[in-house]
Amino acid sequence: MSKSIHYLFDVDGTLTQPREKMESSFTMSFLEWIEGKSVFLVSGSDVKKIKQQIPHSIISRCSGISCSMGNELWLGKELKYKNTFEPPKTLIEMLSSFQVKTKSPVLGKAPFIEYRTGMINFTTIGRDSSNEQRLAYYNWDKDHKERIRISDQIEKTFPDLEAKLGGQISVDIQPKGRNKSQVSKWVRKNLSGKIIFFGDKCTPEGNDYDIYVDVKKNGGESYSVKSPLDTLKLLEKN
């Protein structure tokens, strides 16, 4: 089958439930679909977390794996590029203040800041929160919009940075332009063919927004999904 189409997928909320392993039924369907196709995974998480969630049987069939908001790109065992980012001390102090002052009814434990390639990930409730805590915070945040307020304050205070909602509990922070659209731009520059993107955080405050817009703006197709089941239904047409 032709590889003139390149399929780019977010992970959390698109191929798996947030921070969950890919369901076996989804894995079987995806393995059947992926045969002969060019597929890139594009996650805000690091490589270790991606491998915890996505089975090796699928990873081994992908053309590329991009992690940390597009700041690291692997083609098999070859590292194509890796960005660096040294967050300002004043940013870390601001994030610590957000954590201390949170009104969230869900309170986990440190770490609250995770340093990843070319970016940092921040949550007021702690990276090691349980799935139940994550869901409780996510539902609370939908009404109280704590993460949107945090993102807005970061971008207002640090004009050279961008802050986007990631997963259920966190904010992804990186230099402007160093978001997931780095991957679609790399594919477009280095590989011929059409790009099709699938993601669940495609609104302006979400961490899929930039790649969603970049693909559509440059002749590709972008799909906003609500769940892995949504993704499967769309793949039946592709």
Side-chain angles (χ1 to χ4, degrees), residues 7-20 22 26 39-46 49-50 52-54 65-73 104 114 116-125 127 129 131 134-155 161-185 187 195-217 220-235:
Y7 296 90
L8 279 53
F9 293 91
D10 166 53
V11 176
D12 283 337
T14 301
L15 296 181
T16 74
Q17 296 299 332
R19 289 298 299 126
E20 294 282 336
M22 181 178 283
F26 188 102
V39 170
F40 288 76
L41 303 183
V42 188
S43 176
S45 297
D46 56 31
K49 292 185 180 66
I50 294 173
Q52 288 173 349
Q53 293 176 252
I54 306 296
I65 307 294
S66 177
C67 60
S68 303
M69 291 293 289
N71 285 296
E72 189 172 313
L73 176 63
S104 167
E114 185 171 88
R116 300 176 183 170
T117 301
M119 62 168 289
I120 58 175
N121 177 273
F122 169 70
T123 173
T124 57
I125 71 167
R127 290 293 321 168
S129 300
N131 289 335
R134 287 169 177 266
L135 183 58
Y137 176 82
Y138 175 71
N139 288 327
W140 175 84
D141 189 49
K142 281 195 291 187
D143 292 329
H144 294 81
K145 303 188 186 306
E146 177 181 67
R147 290 188 295 165
I148 289 179
R149 292 199 306 274
I150 288 173
S151 298
D152 289 345
Q153 186 61 42
I154 291 170
E155 293 188 348
L161 301 181
E162 57 186 38
K164 300 288 187 178
L165 273 58
Q168 291 176 307
I169 65 171
S170 63
V171 175
D172 292 324
I173 307 162
Q174 56 276 326
K176 270 191 174 178
R178 288 193 176 179
N179 48 58
K180 292 184 180 183
S181 69
Q182 295 177 101
V183 184
S184 52
K185 290 170 183 173
V187 170
I195 298 175
I196 300 179
F197 171 72
F198 300 82
D200 72 313
K201 294 285 189 300
C202 299
T203 52
E205 68 274 9
N207 68 1
D208 291 323
Y209 178 73
D210 296 286
I211 187 171
Y212 177 89
V213 171
D214 178 73
V215 170
K216 289 188 73 173
K217 186 173 66 176
E221 297 177 19
S222 291
Y223 295 96
S224 178
V225 301
K226 295 181 179 179
S227 68
L229 180 59
D230 245 9
T231 303
L232 272 186
K233 289 178 180 178
L234 286 169
L235 293 185

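Summarising the geometry, atom CE belonging to M119 is positioned 9.5 Å from atom CG belonging to D46; distances are rounded to the nearest 0.5 Å. Note: Q52 CD to I54 CD1 = 11.5 Å, rounded to the nearest 0.5 Å. Atom-to-atom distance recorded for Y138:OH and L165:CG is 9.0 Å, nearest 0.5 angstrom. Expressed to the nearest 0.5 Å, how far OG1 of T123 lies from CD of Q168 amounts to 10.5 Å. Remark: E221 CD to L234 CG distance equals 10.0 Å, nearest 0.5 Å.
With contacts defined as side-chain heavy-atom distances shorter than 4.5 Å, the pair I196/V215 does not qualify. The side-chain heavy atoms of F122 and S170, taken from C-beta on, include no pair separated by under 4.5 Å. At least one side-chain heavy atom of V187 sits under 4.5 Å from a side-chain heavy atom of F40. In this structure the side chain of D10 never reaches within 4.5 angstrom of the side chain of K201, judged on heavy atoms. At least one side-chain heavy atom of L41 sits less than 4.5 Å from a side-chain heavy atom of L15. At least one side-chain heavy atom of E162 sits under 4.5 Å from a side-chain heavy atom of N179. At least one side-chain heavy atom of R19 sits less than 4.5 Å from a side-chain heavy atom of R127. The closest side-chain heavy-atom distance from P228 to Q17 is below 4.5 Å.
Between D172 and M69, the closest heavy-atom pair is OD2-SD, 3.6 Å. The heavy-atom pair separating S45 from C67 by the smallest distance is O-CB, 3.0 Å. The two residues P175 and G118 have their closest heavy-atom pair at CD-O, 3.7 Å. Pairing each heavy atom of Y212 with each of C202, the nearest pair is CD1-SG, 3.5 Å. The shortest heavy-atom contact between I211 and S184 is CG1-OG, 3.6 Å. Smallest separation of non-hydrogen atoms from I50 and S66: CD1-O, 3.9 Å.
Of the possible donor and acceptor atoms, none in the side chain of T14 sits under 3.5 Å from a partner among the backbone N and O of F9. Here the side chain of R147 pairs a donor or acceptor atom with the backbone of G166 at under 3.5 angstrom. Looking at K164, its side chain never comes within 3.5 Å of a backbone N or O of V171 through a donor-acceptor pair. In this structure a side-chain-to-backbone donor-acceptor pair under 3.5 Å is missing from T16 to Q53. Under a 3.5 Å cut-off, the side chain of D208 and the backbone N or O of D200 do form a donor-acceptor pair. Judged by distance alone, the side chain of N139 and the main-chain N or O of L135 form a donor-acceptor pair under 3.5 Å.
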Run the numbers on I173 and I154 for side chain to side chain contact (heavy atoms under 4.5 Å, CB included), then give the verdict.
CA-CA 9 Å; I173 307 162; I154 291 170; 3.7 Å; yes

Would you please test K233 and D230 for salt bridge (Lys or Arg N to Asp or Glu O under 4.0 Å) and show each step?
CA-CA 5 Å; K233 289 178 180 178; D230 245 9; 5.2 Å; no

Working note: E146 + T124, criterion side chain to side chain donor-acceptor pair (under 3.5 Å); need CA distance, chi angles, decisive distance, verdict.
CA-CA 9 Å; E146 177 181 67; T124 57; 2.9 Å; yes

Given Q174 and N71, is the side chain to side chain donor-acceptor pair (under 3.5 Å) satisfied, shown in steps?
CA-CA 9 Å; Q174 56 276 326; N71 285 296; 5.1 Å; no

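Between D210 and K180 no salt bridge is recorded (no basic side-chain N to carboxylate O distance below 4.0 Å). Salt bridge annotation for R134-E20: absent, with no cationic side-chain nitrogen under 4.0 angstrom from a carboxylate oxygen. With respect to the salt-bridge test (charged N to carboxylate O, under 4.0 angstrom), the residues D152 and R149 do not qualify.
For K49, the NZ atom counts as densely surrounded, since its 6.0 Å shell holds more than 12 non-hydrogen atoms of other residues, nucleotides or ligands. For K226, the NZ atom is loosely surrounded, since the number of other residues' heavy atoms within 6.0 Å does not exceed 12.
Classification of the Y137-W140 ring pair by plane angle, with boundaries at 30° and 60°, yields tilted. The aromatic rings of F198 and Y7 lie parallel to each other, with less than 30° between the two planes, well short of the 60° mark.
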